[in-house]
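Only one structure is covered here, and it is reproduced in the block below.
These figures come from a predicted structure and were not determined experimentally.
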Amino acid sequence: MRLLPEPGPARTLALSTLINTVGRGTWLTASALFLTRSVGLTVAQVGLGLTITALVSLVASTPMGYLADRLGPRGLQITALLASAGCTAGLVAVRSFTGFLLVGVLMAVADSATRGARGALIAGAVPPDQRVRTRAYLRAVTNVGISVGTVLAGVGLAADTRTAYVALILLDAVTYLAAAAVLLRLPAVPPVPAPAHGPRLIALRDRPFLAFTVLDGLMSMHFGLINIALPLWIAGHTTAPRWLISGCLLVNTVVVILFQVRASRGTEDLAGAGRAARRAGAVIAAACVLFALSGGVSVAVAVPLLLAGALVHVVGELWHAAAGWGISFGLAPAHAQGQYQGAYGMGMQLGSMIAPVVVTTLAVGWGVPGWLLLGGLFLLLGLLVPPVVAWAARTRPVAPAEVAVPVG
């Protein structure tokens, strides 16, 4: 199996992503301790700051995607990466909550520009039939990069000194610069002129697309199952050893790296993507049932149930991701890929914001009934995607083969 795609734009994008996510992995791992132990912020201040920056990123997503269409995605992507490098380095000078919030808001805008520009860059630099496959490669290398970054961050965490934390932050900043330099190898994607008449942010007026975005965002709450709910469930409600938490996370990471590209096959058109979303909902629901069954049983029963649940869940995760890419690319007009990818990202951000409350309340707070309720929710969301996509397809001029989205 290949980690990087064939030589060309897709490989350049993958290499840039791999470099950048190594730094992102270091920051994700060390950020909470740096902000609390080195800067001196309280846990509540860190949580509030992250919530505010998440809201800024959500609001900025579609406008930043619009700028990518109008200015050219490669230029905006490189500019956003350079801005992110500056903001990341600026964290070294943060000494207060106000300073953290200022840098965080600027970083959130730059991240939104990066996401919107990346979608438009893929749409402009990669043939249509290779866009979903390219996104799959990028997700696989993202997992590799973050895993490497997590390991590197462990060195700094072990030292637990300000010097070590600053070194990790500067490493993150350098990866932004290196990722931007790699993108210079891509040919420029020309900007797309805005329509002469009508509203500019058409993605926010596209009701069927927004309906899909909401469904997909709610479906993305399943990421909180494996990262938030399952560790708490294993530690507090099962007889399984706590090291199994790492085992389940490892299963998720390895399967995504090895099989995300393969799982994206057949999702290049709207019909195939709709079917993949429906399968994802059913499989994630099955994972919830397996997790529920692991509570209150012996270790010999709980461990295989939890590992099986983690494996089943990641299969649904692979299909859900591939379906979202196929649908978001397939429904976006050629002149507005950036803003549509930005709007699509809003759903994922919405899901990540509400997932902690929903999954902890239901799965951890309610126990088995909560797990089953979550499973039913994911099953329903998956069933709703194909008819919503069919509705969206009917509202825009596309080839007849793309319109044939099953609703049953």
(request) For D69 and Q339, indicate whether the former's side chain and the latter's backbone hold a donor-acceptor pair under 3.5 Å. (result) yes
(message) Holding to side-chain hydrogen bond (donor to acceptor under 3.5 Å, both in side chains), I want the full list of residues that pass it with R115, two or more places apart in sequence or in another chain.
(response) S57, S112
(request) Check whether any side-chain heavy atom of T114 lies under 4.5 Å from a side-chain heavy atom of N20, and answer yes or no. (result) no
(message) Tell me the closest heavy-atom pair linking G156 and Y165, and the distance in Å.
(response) O-CE2, 4.5 Å
(request) With rounding to the nearest 0.5 Å, note down the distance linking CD1 in I122 to OG1 in T134. (result) 6.5 Å
(message) Using every non-hydrogen atom in the two residues, find where E268 and D129 come nearest and quote the distance to one decimal.
(response) CG-O, 3.7 Å
(request) Find the distance between OG1 (T12) and CZ (R185) and round it off to the nearest 0.5 Å. (result) 4.5 Å
(message) When you measure from the side chain of S16 to the backbone of A179, do you find a donor-acceptor pair of N or O atoms at a distance under 3.5 Å?
(response) yes
(request) Provide the closest heavy-atom pair for F212 versus G324 in the form atom of the first, atom of the second, distance. (result) CZ-CA, 4.1 Å
(message) To the nearest 0.5 Å, what is the distance between CG on L18 and OG1 on T142?
(response) 8.5 Å
(message) Show the nearest heavy-atom pair for residues W319 and A276, with the distance to one decimal.
(response) CB-O, 3.7 Å
(message) Treating T361 as the side-chain partner and V358 as the backbone partner, does any N or O pair qualify as donor plus acceptor under 3.5 Å?
(response) no
(request) For side-chain contact (heavy atoms from CB on, under 4.5 Å), just list the numbers for L350 and M346, CA-CA rounded to whole Å, side-chain angles, deciding distance to a tenth of an Å, and then say yes or no. (result) CA-CA 6 Å; L350 174 65; M346 289 174 60; over 6 Å; no
(message) Would you compute the distance between atom OG1 of T238 and atom CG of L305 and round it to the nearest 0.5 angstrom?
(response) 10.5 Å
(message) Could you tell me if the side chain of I169 sits less than 4.5 Å from the side chain of W27, heavy atoms only?
(response) yes
(message) Per the ring pair (Phe, Tyr, Trp, His ring centres under 6.0 Å) rule, what does the pair list look like for residues 43-79, sequence neighbours excluded?
(response) none
(request) Please check if the side chain of Q45 supplies one atom and the backbone of T42 the other of a donor-acceptor pair under 3.5 Å. (result) yes
(request) Apply side-chain hydrogen bond (donor to acceptor under 3.5 Å, both in side chains) to Q260 and list each qualifying residue two or more places apart in sequence or on a separate chain. (result) R139
(request) Check whether any side-chain heavy atom of S84 sits under 4.5 Å from a side-chain heavy atom of M107, and report yes or no. (result) yes
(message) I want to check something: taking the side chain as every heavy atom from C-beta on, are L48 and F97 in contact at a cut-off of under 4.5 Å?
(response) yes
(message) Contact between V314 and V254 at the side-chain level, heavy atoms closer than 4.5 Å - yes or no?
(response) no
(message) Would you say that I146 contacts T253 through its side chain, given a criterion of any heavy-atom pair below 4.5 Å between the two side chains?
(response) no
(message) Show, in sequence, the C-alpha distance, side-chain angles and deciding distance for L218 and V214, and conclude whether the side-chain contact (heavy atoms from CB on, under 4.5 Å) test is met.
(response) CA-CA 6 Å; L218 292 175; V214 171; 4.1 Å; yes
(message) Less than 4.5 Å apart, side chain to side chain, heavy atoms only: is that true for L121 and Q341?
(response) no
(request) Please answer whether the main-chain N or O of V189 pairs with a side-chain N or O of R74 as donor and acceptor at a distance below 3.5 Å. (result) no
(request) Check T53 against A108 and note the closest heavy-atom contact, atom names and distance. (result) O-CB, 3.3 Å
(message) Using only atom types and a distance under 3.5 Å, with no angle test, would you say the side chain of R70 pairs donor to acceptor with the backbone of V192?
(response) yes
(request) Kindly compute the distance separating CH2 (W371) from CG (L230), expressed to the nearest 0.5 Å. (result) 5.5 Å
(request) Write down the atom of P304, the atom of V299, and the distance for their closest heavy-atom approach. (result) CD-O, 4.2 Å
(message) What's the separation between atom CG in D206 and atom OG1 in T395, rounded to the nearest 0.5 Å?
(response) 5.5 Å
(message) Set out, in order, the CA-CA distance, both residues' side-chain angles and the distance that settles side-chain contact (heavy atoms from CB on, under 4.5 Å) for I228 and V364, then state yes or no.
(response) CA-CA 10 Å; I228 302 171; V364 182; over 6 Å; no
(request) Determine the interplanar angle of the F378 and H222 rings, folded into 0 to 90°, and report it as parallel if under 30°, tilted if 30 to 60°, perpendicular if over 60°. (result) perpendicular
(request) Taking the side chain as every heavy atom from C-beta outward, state whether S328 and Y340 have any atom pair closer than 4.5 Å. (result) no
(request) In sequence, state the C-alpha distance, the side-chain angles, and the governing distance for L232 and H237, and then conclude on side-chain contact (heavy atoms from CB on, under 4.5 Å). (result) CA-CA 8 Å; L232 296 173; H237 298 269; over 6 Å; no
